[in-house]
Amino acid sequence: MKLLEERIIRDGRVKEGNVLKVDSFLNHQIDIALYNEMGKEFRRLFPGDAITRILTIEASGIGIACAAAQYFHVPVVFARKTHSINLDDDVYTARVRSFTHQREYDIIVSKRYLTSEDHVLIIDDFLANGCAVNGLLELVYSAGATVEGVGIAIEKGFQKGGSLLRGRGIRVESLAVVESMDAAAGTITFRRT
Ligand code: G4P
């Protein structure tokens, strides 16, 4: 998506350790006009009427999922992060081991908001090694729901998350795929499809 790529080039900052900071417009301060355009683009990439729910994870995924949901006309459900084991019968649980953040946590979603009838679009801000998306997939499978696809704002194409998911036959659509970035030079290149 050209608009997002241009914004990343203009306002993104490359940090040591392959971290891309986009907090001036995407995941701290938020440019709602950009979010809306991203939402429209997700709708264009996932046409049809199959999707019944959008699933994301707190915190940064929520706003993007909400912007997209306006064009799908379906509810957004976000998985909550929790550091205590939740033994309730009324939630699905998955364990996420974040490589990027070097921490482990559980994510939960209420069984009331994810059922075997659902056709789910997963949305998140970043796809790096795929730990967060894998946890969300586990929740969907636990519910017996169907995965329609994964929509990502920024995929770090040089990390393995995207290729592992696609290798499993999951449809992954990323609005911008970073091919490489260099903290010293401050350069970012994008994958061309
Ligand atoms: P992982 O497997 O390497 O842990 O990362 P994953 O693919 O699950 O990517 C999603 C999470 O990693 C997101 O956090 C995202 O913020 C963070 N992340 C990965 N690479 C980058 C990066 O280059 N820049 C930024 N800004 N974030 C990155 P999350 O679990 O969704 O938490 P939150 O940030 O929404 O609270």
Side-chain angles (χ1 to χ4, degrees), residues 1-8 12 20 22-23 25-28 30-81 94 96 98 100 107 109 113-114 118-141 143 145-179 190-193:
M1 182 188 179
K2 203 162 182 297
L3 192 67
L4 180 59
E5 290 184 2
E6 285 171 356
R7 192 61 181 271
I8 294 168
L20 176 61
V22 285
D23 52 7
F25 60 96
L26 198 85
N27 57 14
H28 192 20
I30 290 171
D31 181 337
I32 288 290
L34 176 65
Y35 264 34
N36 275 331
E37 292 308 313
M38 289 163 54
K40 283 183 205 164
E41 184 64 5
F42 281 129
R43 184 68 181 120
R44 193 185 68 75
L45 292 165
F46 293 98
D49 295 326
I51 292 162
T52 59
R53 276 199 166 102
I54 293 176
L55 178 67
T56 187
I57 181 167
E58 65 177 350
S60 315
I62 297 174
I64 298 168
C66 289
Q70 299 177 104
Y71 304 100
F72 287 88
H73 306 288
V74 299
V76 172
V77 179
F78 66 91
R80 293 179 185 274
K81 293 176 179 170
V96 175
S98 173
T100 300
I107 56 173
V109 70
Y113 307 129
L114 200 56
D118 277 314
H119 289 253
V120 179
L121 173 63
I122 290 173
I123 283 188
D124 204 2
D125 59 340
F126 269 91
L127 176 61
N129 294 290
C131 299
V133 169
N134 274 315
L136 293 173
L137 285 168
E138 217 179 302
L139 297 179
V140 175
Y141 296 140
T146 305
V147 177
E148 290 294 328
V150 176
I152 298 292
I154 304 174
E155 176 179 340
K156 291 157 85 184
F158 52 87
Q159 290 183 251
K160 64 181 192 310
S163 53
L164 287 176
L165 291 170
R166 292 183 182 98
R168 287 164 60 188
I170 295 166
R171 177 155 176 222
V172 181
E173 298 286 355
S174 301
L175 303 185
V177 182
V178 175
E179 189 69 65
F190 295 99
R191 182 178 299 167
R192 294 280 155 245
T193 45

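- The shortest heavy-atom contact between Phe46 and Glu173 is CZ-CG, 3.5 Å.
- Between Glu5 and Arg192 there is a salt bridge, since at least one side-chain N of the basic residue sits less than 4.0 Å from a carboxylate O of the acidic one.
- A 4.5 Å side-chain heavy-atom check between Asn134 and Leu165 finds at least one atom pair inside the cut-off.
- A salt bridge links Glu155 to Arg166: at least one charged side-chain nitrogen sits closer than 4.0 Å to a carboxylate oxygen.
- For the pair Ile154/Leu127, no side-chain contact is recorded, criterion being any heavy-atom separation below 4.5 Å from C-beta on.
- Minimum interatomic distance between Gly157 and Arg191 (heavy atoms only, all atoms of both residues): O-NH2, 3.1 Å.
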Side-chain atoms of residues 60-72: list all donor-acceptor pairs with protein atoms under 3.5 Å, sequence neighbours left out, distances to 0.1 Å.
unit_1, atom_1, unit_2, atom_2, d
Gln70, NE2, Asn36, OD1, 2.7
Gln70, NE2, Ala67, O, 3.1

Checklist line | Step-by-step side-chain contact (heavy atoms from CB on, under 4.5 Å) determination, Arg168 to Leu137 | finding: CA-CA 12 Å; Arg168 287 164 60 188; Leu137 285 168; 3.9 Å; yes

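- Closest of all the heavy-atom pairs between Val96 and Gly135 is CG2-CA, 4.1 Å.
- Val177 approaches Ser174 most closely through the heavy-atom pair CG2-CB, 3.8 Å.
- Atom CZ of Arg171 is surrounded by more than 12 heavy atoms from other residues, nucleotides or ligands within 6.0 Å.
- Looking at Val147 and Val120, their side chains never come closer than 4.5 Å, going by heavy atoms from C-beta outward.
- Side-chain atoms of Arg53 never come within 3.5 Å of backbone atoms of Val74 as a donor-acceptor pair (strictly under, hydrogens ignored).
- Between the side chain of Lys81 and the backbone N or O of Glu58, at least one donor-acceptor pair lies under 3.5 Å.
- Between Ala176 and Leu4, the closest heavy-atom pair is CB-CD2, 4.0 Å.
- The side-chain heavy atoms of Phe25 and Ile8, taken from C-beta on, include a pair separated by under 4.5 Å.
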Checklist line | Full working for side-chain contact (heavy atoms from CB on, under 4.5 Å) between Ile54 and Phe42 | finding: CA-CA 11 Å; Ile54 293 176; Phe42 281 129; over 6 Å; no

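- Under the 3.5 Å distance criterion, the side-chain polar atoms of Tyr141 are left unmatched by any main-chain donor or acceptor of Leu136.
- When all heavy atoms are compared, the tightest approach of Leu26 to Ala153 is CD2-CB, 4.4 Å.
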Next item on the list: I would like to know whether Val150 and Ile170 meet side-chain contact (heavy atoms from CB on, under 4.5 Å); could you show each step before the answer?
Entry: CA-CA 7 Å; Val150 176; Ile170 295 166; 3.8 Å; yes

Next item on the list: Go through the steps to decide whether Val140 and Ile122 satisfy the test side-chain contact (heavy atoms from CB on, under 4.5 Å), and finish with yes or no.
Entry: CA-CA 9 Å; Val140 175; Ile122 290 173; 4.3 Å; yes

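- Panel note: side chain Thr52, backbone His119; a donor-acceptor pair is recorded below 3.5 Å.
- Checking side-chain atoms of Asp31 against main-chain N and O of Ala33 turns up a donor-acceptor pair under 3.5 Å.
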